[in-house]
Each structure stands twice: as C-alpha cells, then as structure tokens.
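Everything on this sheet refers to the single structure shown next.
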Amino acid sequence: MSSPEPRKALRFAVLSVVKHAYVPLGAAAHPRFEAAVIADDPDVPDWAHDRNQLLADQLQVPYVQDVEQALKDFDVQVAVVSSEAERHCDLSVRAADAGLHIVQDKPLSTNLSECDRLVEAVERNRVKFLMWNRNFLPAMIQTRKAIESGAVGQLQAIHVDFYFAKDAGPPIGSRRPGDPPIHWLDGQLEAHADGSDGGVGREPMGELKIEGIYPLAYIRLLTDANVQRVYARTAAHFHQANFDNKVEDLATVTLEMEHGILGTLSLGRIGAASHPDIGEIKIHILGSDGALVISEARPEVAVYYRGQPVHEFRNKRVAIDNDFLLMQNFIDAIDNDGDTILNAQTSRDICATVQAAIESDLVGRPVQVA
Amino acid sequence: MVRFALIGCTAECEAYGLAIQRLPDATLSAVVDDDADRAGKAARLLGVSIVARSLDELLQTNSKSFDAVLIQDTPESAARQAEQAATAGKHIFADSLMNASVDLIERVRRTTTTAGVRLMLGQQLRFLPSIQTVKQALVAGKLGQPGLLRVHHWRANGTDVPLAGDGGGATIEHSLYRSIDLANWVFEALPSHVYAVARGDSHRALKTSDYVQAHFGFRHGGMALIDCSIALPPGDNYFTLSVIGSAGAVYADDHHNMQLHYTGGHPAALNFDFGPSHIIGQLRELTNAIVEAREPAMTGEDGRRASLVANAVTKSIESERGLRLAGDTYEFA
C-alpha cells in the first residue's frame, strides 16, 4: 500500500504584527504553514512599520506596505492577523473577502458590531477562522478529558481565576500633582519590551477586553454553554495608566449560563509583586458527582539559583505544545472542512460577554448578553 | 482565671474542653446538658465535677463557680441562654449565633451591653492559622489596599464533620454567613453592592439551595466573590481564600497544601488537619478580652453585619436583582 500523499504547506501573510509576535511565530513553526509575506496598510504609524519590518527580517520574507497588493502578489491561502485590537476585524474581514483562512490574535475586537461583521464575512466566504487561545495547554487538555470522562458528573458551576502578575507602568497613586495623565499608547509602546503590550492601540483597553477571552474560552470549552447574563464589578486598582485612561485592571464577573450552569471569573493585571511567577491561574469546577481544582500552570519545574534575578519566574511551565496543537487544529479544519477549537462565532459571543460585563459594572445591575 | 461552663455537650465539646485546658488563664468548671448520660460522659472526659441539666439549674446551684458560658445549641436556644447568662453577669461565647437573624443577634447584643459582659460569636474561619496569616499581612500593610477577595467554601454532602474548624453544621447558611464575615473583615466595611445566585431544589431560595455564589462590591473599588457548596460527595471538604491587594497578594489554598497517597490507580489527595488551633485561638481571644476588659475580636456587631449582608444575598437570589447599601439597609439597585 503506498503512503498517502503529504499535504502541501499553506502559505500565510501576516497582516500587521505590532505587538508580541507569538501568533505568527506559532504559525511559522508548524510544518504545514509557510510564511510568505508581512503586510500592512501604508498609513500605519512608523513604529508599526518598524515592528512589521523586524518580523519580516526574522522570517526572511518581504514586508509590503499594501495589504491588498500583498494578498494578490504572494499566493497566500492564510492570513495571520496580529495588529492592534481595534484593527483586528477590519483586517480579518478583508482577508476573508480575499478568500483566505484566518488565524487572529485576541481579542476578536473591541467593538461587537465589528465582530458581527467578521462572523458574516467568514460565513459568507466559507473560510476557516481560529482565534488564538490557550485551550491546548496541558492542564486544559487534562481538565477537558476529565470532564468528558464523567469525572464530575454533570457540570454545575465553574470558576476561573486569571491573574497576570505583571506591572503595567507606575503604580496607582504615583502621579504627582501637575503631571499629565499617562498616554495609553505611549505606555503600551514602552511595554512592548516585556510582551505586556496586549492593549496596544489608540483605544485604551481594560483587562476584560485584553485578556478576558482566555478564561472565557476555557469556560466555553469546558461547559459547551453560552453565557446568558452577567453581573460585574471592575476597578483600576493597581496601575496609574489604567486609572488615567478609565479602564479596569481588575474585574470580577458572575456568569449565568445555559443549562443552569453558574460561574464566576476574576481577572486582573495584579502587579509583579503579587505572585512568584506569571500569576495565579486556577479553575474550580463543581459537578453533580464531584469537583475539580486545577492549576492551569502545571506541569511546572522549579528552578532556583544563586544570583537569580528577582523577576525571573521560579517555576517554569513545561510540556507546552499549545502553538503546534492550535495550528494542527486549524489545518485539520481546513483539510476536513471541520470547525476550529475557537471559531469566529464563539469568539464573538465571548466579546458579547465582555461587553455585557462592562455595561453591568457601569449600571450596577445584571445585564443580558447580546 | 476565667472559668467556663460548657452549655450543651455536643460532639465538639471535647475539642472545646481540651482547648480550654491549653489556656493558662482559663479553666472549665462545669458542664450542662439535658441528657444526663451525655453530661456525665463529658464531665468525666474533661475532668469537671459540676454537672447540671440546664443553665437554669447551674445558675441556681453553682452561680459562683463560673464566669463565662460556652454555648453549643441552635441559634434561637443559644440566644435565649445567652441572654439568661448575661443577665446573671456571665460572659458569653456562642457559635451558632453567627447563623442567627439580625433581630436575634441585636437582641442578645443589647442584653450583653446592658449587663456589661463580653459577647463573642463563634467564627472559627477567622482563627484558622491560614486566615490569621492573611489578616496579619493585611494589617501590616504588605498587601496595600485590598482589591479582591475570593473564597471557595465547599462541604461534603450530608456531613456534620466540621470544615477545618468552622464549627460543624452542614447548612449552606453556616458556610455563607462565615464567608460573608470574612469579606466584611478583610474590607473593614459592608459591601456597597450585592448580587447573588443559587442552585438546588429551588434556585431562588437560599434555604433549599445546595450551592450559592455571592458577588460583592465595596466602596473604593474593592470586590469579593464567594461560592459555597454543600454538595461535594461524602468525604473531605475544601476551602480556599485569596486576597489581592494593590501591593501584594496572599493565597491560603487547600489545593496547594494537599499531600498525595498512592494505592493504585490515581493517587488520592490528602487534606491536612488544622488541629485545634482555631478553637484555642477563639477561646484565648475571649479569655484575654475578659481579662483586659475590652471587646473581643469577633463581636455581636460583626455577627449582625454578616447577617445583614446574608439577608441581602437571600433577597438578591429570590429577586434575581442586584442590591446596594443605603444607610444600614440594602435596597434594589
């Protein structure tokens, strides 16, 4: 019997990579994907062009300051979108309309109507969409298997703590009288060095918008239930930049979901002093027949040595295959006309949950998710 | 020397009696129970010579032999006996008053204030070594301004085995009231906003629920999430608490403190036993408060405030609406 013909690699265009580059690098590391070009609109700021060029040099591909021209000239089948969040959907819609499958960094968008526009474009053009996520971390795979095997019976409640123990500029209360408020984009540009620039863009973003998709994607993965109603409290508790720009760095959300499932989410960028590693990320699950308590960071190996820098994480996560598994999930969806682990519709629903939570905090009442 | 009389020889009375023996300024001088066998057994176990069938009888026959009462009974009966003891000039420790209504606690408070005696409600969670460590970090300013409190308080179904020192009691209210008190204690304030949901036989009534989650907002941006369950399968309970502050965080986590036991298949996680430290801590605190003529760390007012918030939680569950604090009451937001 002859071996099946190996499937060919798909060529991808990176449409803007102005923040951390882990999404395009994750794509490039998979044998079924090949970087072909970096592209962006010509009128983006110089700092954006600089960052795009850096990745182009690293991947040894051209950088083209014209998205549509690049898509036309470089015979690509996939777009990897890693721009500022406020441009995510526009670039992804343009890619979908060009017939490309899409991998996009989180969040889907800061604007729900943009999310709806993207969902429509993906469906109309019959392309595959993957929102970058953490659902293939070892602990999440283990948790999902446990639930699917009936370890807790019928899932009844789920709680996720999702704290990043990172600083985001000077602490709250540090602005002296007469000092101007911290400019959001300037602060994010400075944060690029340590990868804490998930909120880069003109529009200030709180942690619900920046990071909320990760824990909400966990909840969606494990419950297979949509959130119907939320009650939220938010605050700028840690960082001057958040306070100055009126966006939260700490949030708690009560979740009321389909099938009577209840839950909570607490997340925040809580400052580097508040955890010895990246942060406390835990999942508590109650079911009809049992419960699970999961530390999302495990497995880990602890490393200590003389002269160790204070901010170096003592516990190193190991056996991480998330990037490869995400891209494998994506290529499987393309090859078999299936669905990805986090598609456009679910990502849109997560954005709707975030939007409802922000509204709930503003009005002080529970809010239905749109 | 503060002399305690144990009123109600419950399953936990041995722990209380032995705890008193560990205190240099306290002693156990009498036991009371309407079941003569139970009272006799407790007296022999704890080396106590004075035994009575009721507080009435003890006050009539041996009033001068004790200074304080340690009451183990239902909230209503505990309140009645607390008032009786206070009127007779006895200081009071009552565990179940933490579950009592606002009115009942207030009634007992007025009586003890008038009588000039100390009233301490049982709230072992505050005195767990882990939670004491949390509070010390807060008081020392290590955490800055508290921003978030998170509590998971899960009990095994149908068990009266105390959760690592929460005084026994398998009702959802038992867990909830004590967890609410922790929130009030950490933030040193009543929540300004309350929203709660529940599940169980009726997801709109706290009393018939086996699971409740409460969501609080505090002035100055603080917030708390508490979830209580009494539906774990029979076996060990689970408790975890974390506080995130503007300058630091503490994680008092059962998960972190588990040991492993291999007997084939998946290993079991062995929970630890706090021992009697939380009981000793409470009784030491009351003893010191009596000796030093000051209020104890856990007062009737603390219990009243927890009960007030619990009422708001109940109202939120039943109405499916959020509430906010207006003066000393909660109204719909």
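So that the names make sense, note that chain A is the first sequence line, chain B the second, and so on, each numbered from 1. Any value given below was found using the heavy atoms of this structure, including those in side chains, with hydrogens, waters and symmetry copies removed. Given the structure is predicted, the values throughout are model-derived calculations rather than measurements.
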Checklist entry - Does CZ in B:Arg219 sit with more than 12 non-hydrogen atoms of other residues, nucleotides or ligands closer than 6.0 Å? => result no

Item to check | Contact class of A:His239 relative to chain B, heavy atoms under 4.5 angstrom | outcome: neither

Item to check | Residues A:Asn315 and A:Arg298: side-chain donor-acceptor under 3.5 angstrom | outcome: no

Next on the checklist: Can you tell me if A:Lys316 has over 12 outside heavy atoms packed within less than 6.0 Å of its NZ?
Outcome noted: yes

Checklist outcome for this item: Counting heavy-atom pairs under 4.5 angstrom with chain B, the leader among A:Gln156, A:Glu280, A:His275, A:Arg365 is A:Gln156

Checklist entry - Which answer fits A:Val152, side chain, backbone, both or neither, if we ask what part of it has an atom under 4.5 Å from a heavy atom of chain B? => result neither

Item to check | Which atoms of A:Glu256 approach chain B - backbone, side chain, both or neither, heavy atom under 4.5 Å | outcome: side chain

Checklist entry - Hey, which of B:Gln145, B:His152, B:His193 has the most heavy atom pairs under 4.5 Å with chain A? => result B:His152

Checklist entry - Going by atom types alone, do B:His255 and B:Thr240 pair a side-chain donor with an acceptor below 3.5 Å? => result no

Checklist entry - Based on non-hydrogen pairs under 4.5 Å, which of A:Ala251, A:Ser360, A:Ala232, A:Gly263 is most in contact with chain B? => result A:Gly263

Next on the checklist: Please classify the contact between A:Pro366 and chain B as side chain, backbone, both or neither, with a heavy-atom cut-off of under 4.5 Å.
Outcome noted: side chain

Item to check | Pair B:Phe332 and B:Tyr330, ring centroids less than 6.0 Å apart | outcome: no

Checklist entry - Going by the angle between their ring planes, with limits at 30° and 60°, are A:His159 and B:Tyr211 parallel, tilted or perpendicular? => result tilted

Checklist entry - Which bit of A:Ala165 is near chain B, if near means a heavy-atom gap under 4.5 Å: side chain, backbone, both or neither? => result neither

Checklist outcome for this item: The interface call for B:Pro146 against chain A, heavy-atom contacts under 4.5 Å, is backbone

Checklist entry - Hey, do the aromatic rings of B:His153 and B:Phe239 have their centres closer than 6.0 Å? => result yes

Next on the checklist: With a 4.5 angstrom heavy-atom cut-off, is it the side chain or the backbone of A:Ile172 that approaches chain B, or both, or neither?
Outcome noted: neither

Checklist entry - Looking only at side chains, do B:Tyr238 and B:Ser229 share a donor and an acceptor under 3.5 Å apart? => result no

Next on the checklist: With a 6.0 Å cut-off (strictly less than), is the heavy-atom count around NE2 of A:His259, excluding the residue itself, greater than 12?
Outcome noted: yes

Item to check | Heavy atoms of other groups near A:Phe136 CZ, more than 12 under 6.0 Å | outcome: yes

Checklist entry - Quick one: what part of A:Asp361 sits under 4.5 Å from any heavy atom of chain B, side chain, backbone, both or neither? => result neither

Item to check | Atom CD of A:Gln154 with >12 non-hydrogen neighbours under 6.0 angstrom | outcome: no

Checklist outcome for this item: Under 4.5 Å to a heavy atom of chain B? For A:Ser295 that would be both

Next on the checklist: Within a 6.0 Å radius of atom CD on A:Glu190, are there more than 12 heavy atoms belonging to other residues, nucleotides or ligands?
Outcome noted: no

Checklist outcome for this item: Under a 4.5 Å heavy-atom criterion, the part of residues 245-252 of chain B in contact with chain A comprises B:Gly245, B:Ser246, B:Ala247, B:Gly248, B:Ala249, B:Tyr251

Item to check | Option in B:Gly322, B:Gly144, B:Gly147 with maximal non-hydrogen atom pairs under 4.5 Å from chain A | outcome: B:Gly147

Checklist entry - Should the ring pair B:Phe216 and B:Phe218 be called parallel, tilted or perpendicular, given that the plane angle runs from 0 to 90° and is split at 30 and 60? => result perpendicular

Checklist outcome for this item: The interface call for A:Ala236 against chain B, heavy-atom contacts under 4.5 Å, is neither

